[in-house]
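Please read all numbers here as calculations on a predicted model, not as lab measurements. Note: hydrogens, waters and symmetry copies are ignored here, and every other heavy atom, side chains too, is used.
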Amino acid sequence: MNRFWSPVIQQLEPYRPGEQPKHQTYIKLNTNENPWGPSPQALEAISAATSGALRLYPDPSASDLRAGIASSLQMTSDHIFAGNGSDEVLAHAFHAFFSGKEPILFPEITYAFYPTYCKLYSIEYRLAPVGSDFRVKPSDFTGACGGIVIANPNAPTGLAMPLEDIEAILKANPGVVVLVDEAYIDFGGQSAVHLVPDYDNLLVVQTFSKSRSLAGMRVGFAVGQPHLIEGLCRVRDSFNSYPLGRLSLAGALAAWKDSAWFEKTCDQIVADREKLTLNLQTLDFAVLPSSTNFLFASHAHVSAEQLHADLRDHGILVRYFKRERINNWLRVSIGTSEECTTLVKVLRTML
């Protein structure tokens, strides 16, 4: 402990992201990055934005990007908030809608950043149980609470809830914000975005890091009715009025418009995901049905911790969580077709 730290920081357990080796000597299947790279149109836009205009501050409201997203969703810009990655958008949402209220509710197995946000902002929380199959049940999200957070599809399991389950949670909790974190929605889930006009308590958060291959640019956004977006803006403008740089804004807008590249790369990832699932199952892995760009797998005889270490020795990084209930599971990102083939070959040799 450090005597200069505040009481909040003293007890904080920071989120630990997946390993990012400085030297790319590994096959990286540990952080759910898109293996196919950004849209060529996005790269052209980023290059064109690299000019003397970088001496000027960027648009603080990301108006062009918000307008582009809103137009595709048949909404207005007032329904869209853009931030520095979905993690920042989530953090602002926790601060704007959950602080100072009753405990919020999220699944016991989900994105590990949620409890970190709660501790950072002194938000009490309760954990909703998940079944032995790791499924989230809407019936566990009833009763008094200060808000609800659902990752759909969930992380790290990759399991998706049907849209009617999300709507059931919304109907059961009209008095609090229901935040649906859709970081992986483009790989197989049903988005709740189109429920936004019908529910004034729904906030949907998405990212450009996964399906649009811009993890290095840090762009995320939220969709909700204007009164929720205004709350996010109040937090942003009390924290950092310029969260997105000119290059990020240019690249994100071009990536959003390039639907052909988006669909092509998502389809390839889904095809490789299904192929890798079958290959892992032939090697005695249990694999959860995934709606994401990763698989959650457990071997019948060899511990996940051992497999994680052995794969690293063979030059392949996967994600291991030393947490109760999931400490014998590995999260494996879907790489290129060749990377997935190499993974299977190495596993076959190891096992």
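- Other residues, nucleotides and ligands contribute over 12 non-hydrogen atoms within 6.0 Å of the CD atom of Gln10.
- Side-chain N or O atoms of Thr282 include one that pairs as donor or acceptor with a backbone N or O of Asn279 at under 3.5 Å.
- Rounding to the nearest 0.5 angstrom, the gap separating the OG atom in Ser298 from the CD1 atom in Ile326 is 11.0 Å.
- A cation-pi contact, defined as under 6.0 Å to the ring centre and within 45° of the axis, is absent between Arg66 and Phe221.
- Around atom CD of Gln11, more than 12 heavy atoms belonging to other residues, nucleotides or ligands sit under 6.0 Å away.
- With a 6.0 Å radius and a threshold of 12 heavy atoms from other residues, nucleotides or ligands, Lys257 has its NZ atom at or below the threshold.
- Residues meeting the side-chain hydrogen bond (donor to acceptor under 3.5 Å, both in side chains) test with Tyr125, sequence neighbours left out: none.
- Pairing each heavy atom of Trp36 with each of Ser213, the nearest pair is C-OG, 4.3 Å.
- Close placement of the Tyr114 and Phe106 rings is indicated, their centers lying within 6.0 Å of each other.
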Checklist entry - For Arg246 and Thr50, what are the C-alpha separation, side-chain angles and deciding distance, and is it a side-chain hydrogen bond (donor to acceptor under 3.5 Å, both in side chains)? => result CA-CA 8 Å; Arg246 288 177 172 270; Thr50 306; over 6 Å; no
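- Within 6.0 Å of CD on Glu230 lie no more than 12 heavy atoms contributed by other residues, nucleotides or ligands.
- A donor-acceptor pair shorter than 3.5 Å cannot be found between the side chains of Ser303 and Glu305.
- No side-chain donor-acceptor contact under 3.5 Å links Asn154 to the backbone of Thr157.
- In terms of modelled atom types and a separation under 3.5 Å, the side chain of Asn152 and the main chain of Met161 share a donor-acceptor contact.
- Environment of NZ in Lys119: crowded, with over 12 heavy atoms of neighbouring residues, nucleotides or ligands closer than 6.0 Å.
- Between Tyr184 and Phe294, a ring centre-to-centre spacing shorter than 6.0 Å is recorded.
- A donor-acceptor pair under 3.5 Å is absent between the side-chain atoms of Glu182 and the main chain of Val204, judged by distance alone.
- In this structure a side-chain-to-backbone donor-acceptor pair under 3.5 Å is missing from Arg323 to Ala112.
- Residues Pro38 and Met217 fail the side-chain proximity criterion, which asks for heavy atoms closer than 4.5 Å.
- The structure places CZ of Arg331 at 8.5 Å from OG1 of Thr292, a figure rounded to the nearest 0.5 Å.
- The 12-atom threshold is not exceeded at CZ of Arg234, counting heavy atoms of other residues, nucleotides or ligands nearer than 6.0 Å.
- Between the Ser99 side chain and the His95 main chain, no donor and acceptor come within less than 3.5 Å of each other.
- Arg212 contributes no side-chain N or O that, together with a main-chain N or O of Ser209, makes up a donor-acceptor pair within less than 3.5 Å.
- A side-chain donor-acceptor contact under 3.5 Å links Asn201 to the backbone of Asn173.
- Residues Phe113 and Tyr117 place their aromatic rings such that the two centres sit under 6.0 Å apart.
- At least one donor-acceptor pair closer than 3.5 Å links the side chain of Thr277 to the backbone N or O of Arg273.
- Here Ile148 contributes atom CD1 and Phe98 contributes atom CZ; the two are 8.5 Å apart, rounded to the nearest 0.5 Å.
- The environment of CD in Glu124 is sparse: at most 12 heavy-atom neighbours from other residues, nucleotides or ligands sit within 6.0 Å.
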